[in-house]
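In each ligand, atom 1 is the first atom listed, and ligand 1 is the first ligand listed. These numbers come from a predicted model, not from an experiment.
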Amino acid sequence: MATIRAQVPIKVGETSSIPAELFSFDVLSDDREHVALRFAGKEKGQEWTPLVRVHSECLTGDVFNSSRCDCGNQLAESIEKVSAHGGVILYLRHEGRGIGLYPKIDAYALQDKGYDTYEANEKLGFLDDGRSFAVAAEMLKAMDVGKVKLLTNNPEKERLLRDNGVEIVEIVPTGVYKKCDNIEYLKTKRSKKSHNLDV
Ligand SMILES: [Zn+2]
């Protein structure tokens with residue numbers, strides 16, 4: 001599985017840009033254009049292990065900073081932490097938990113009528129969560145990353161990465177970004193999918 005990398009300096013906080021490498025992948029099992037962003041980080045002793053974040057694409061949160069979800073905040077936090085420590089952000093093209101952008105907008109409209117984030121996807125005929133994280137393990141393998149510190153509050157991501165052969169030496173929790181527009185969304189992630197969120 002060949003990878004191609006290109007230099008993409010990334011602005012982190014108020015600092016000048018930090019060098020990063022953006023990877024594309026030749027063949028992944030679901031044929032989507034997933035990418036990885038790798039930061040070298042600073043000092044590396046023998047015990048150094050890359051910090052890895054598996055982030056699902058969210059146009060509304062990542063680009064427009066929508067407060068309906070916490071994705072934009074989590075991505076910003078990931079870039080800050082991974083660029084400091086060194087490691088990889090896997091940016092998975094799993095818009096709307098894998099259902100795509102237009103269906104996500106349909107799901108948002110259903111949520112406005114009272115369905116929660118999972119029920120709305122099911123109402124539209126999709127799985128409540130259609131993402132496969134096996135592809136994340138494939139990407140790490142292609143980059144020769146076998147052992148990681150995982151930045152997540154989602155136990156399902158941890159389990160699926162382990163099941164696909166990734167050695168996780170530490171779970172690093174992400175922040176919890178409560179806003180009046182997303183509090184029900186966060187509570188649903190906690191109650192239905194056991195996310196470790198103090199809400
Ligand atoms: Zn989002």
Side-chain angles (χ1 to χ4, degrees), residues 8 10-13 20 22 28 30 32-37 51-83 87-136 139 150-161 171-199:
V8 183
I10 303 287
K11 192 167 186 316
V12 181
L22 188 65
L28 294 173
D30 67 359
R32 297 193 191 193
E33 290 185 318
H34 305 297
V35 293
L37 193 61
L51 183 62
V52 169
R53 169 72 183 171
V54 179
H55 187 89
S56 293
E57 176 179 29
C58 173
L59 180 90
T60 46
D62 298 344
V63 178
F64 301 134
N65 267 317
S66 159
S67 51
R68 279 190 84 126
C69 59
D70 54 351
C71 307
N73 305 92
Q74 290 203 321
L75 181 59
E77 178 189 354
S78 302
I79 290 172
E80 204 170 296
K81 287 190 170 158
V82 174
S83 64
V88 179
I89 296 171
L90 301 179
Y91 193 81
L92 304 185
R93 314 302 296 279
H94 281 159
E95 182 65 67
R97 290 209 177 79
I99 70 176
L101 181 58
Y102 277 13
K104 180 173 101 167
I105 297 170
D106 293 338
Y108 272 178
L110 284 174
Q111 288 169 34
D112 292 340
K113 292 179 181 157
Y115 294 93
D116 74 33
T117 179
Y118 302 105
E119 291 166 348
N121 282 15
E122 287 175 333
K123 179 89 180 158
L124 292 168
F126 297 103
L127 295 172
D128 67 346
D129 190 336
R131 295 174 294 181
S132 159
F133 292 111
V135 74
M139 293 163 77
L150 187 64
L151 184 58
T152 191
N153 291 328
N154 182 350
E156 185 69 359
K157 277 185 194 168
E158 176 189 354
R159 186 182 69 75
L160 286 169
L161 284 182
I171 296 293
V172 180
T174 59
V176 177
Y177 301 97
K178 285 184 265 191
K179 299 166 229 177
C180 55
D181 295 320
N182 76 5
I183 192 73
E184 289 308 319
Y185 167 82
L186 295 178
K187 283 180 181 171
T188 304
K189 288 211 290 192
R190 185 186 62 182
S191 65
K192 287 198 166 176
K193 300 290 177 180
S194 307
H195 285 227
N196 297 317
L197 297 169
D198 179 19
V199 286

Can a side-chain donor-acceptor contact be found between [Y] and [X] if the only test is distance below 3.5 angstrom?
X	Y	answer
Thr60	Lys104	yes
Thr188	Asp116	no
Arg93	Ser56	no

Apply salt bridge (Lys or Arg N to Asp or Glu O under 4.0 Å) to the pair Arg32 and Glu57, showing each step before the final yes or no.
CA-CA 12 Å; Arg32 297 193 191 193; Glu57 176 179 29; over 6 Å; no
2.8 Å shell around the Zn ion (ligand 1), exclusive bound, protein N/O/S atoms
3
Taking NZ, NE, NH1 and NH2 as the nitrogens, is one of them in Glu119 or Lys123 under 4.0 Å from a carboxylate oxygen of the other?
no
Check side chain to side chain contact (heavy atoms under 4.5 Å, CB included) between Glu122 and all other residues, then give those that pass, not counting sequence neighbours.
Asp128
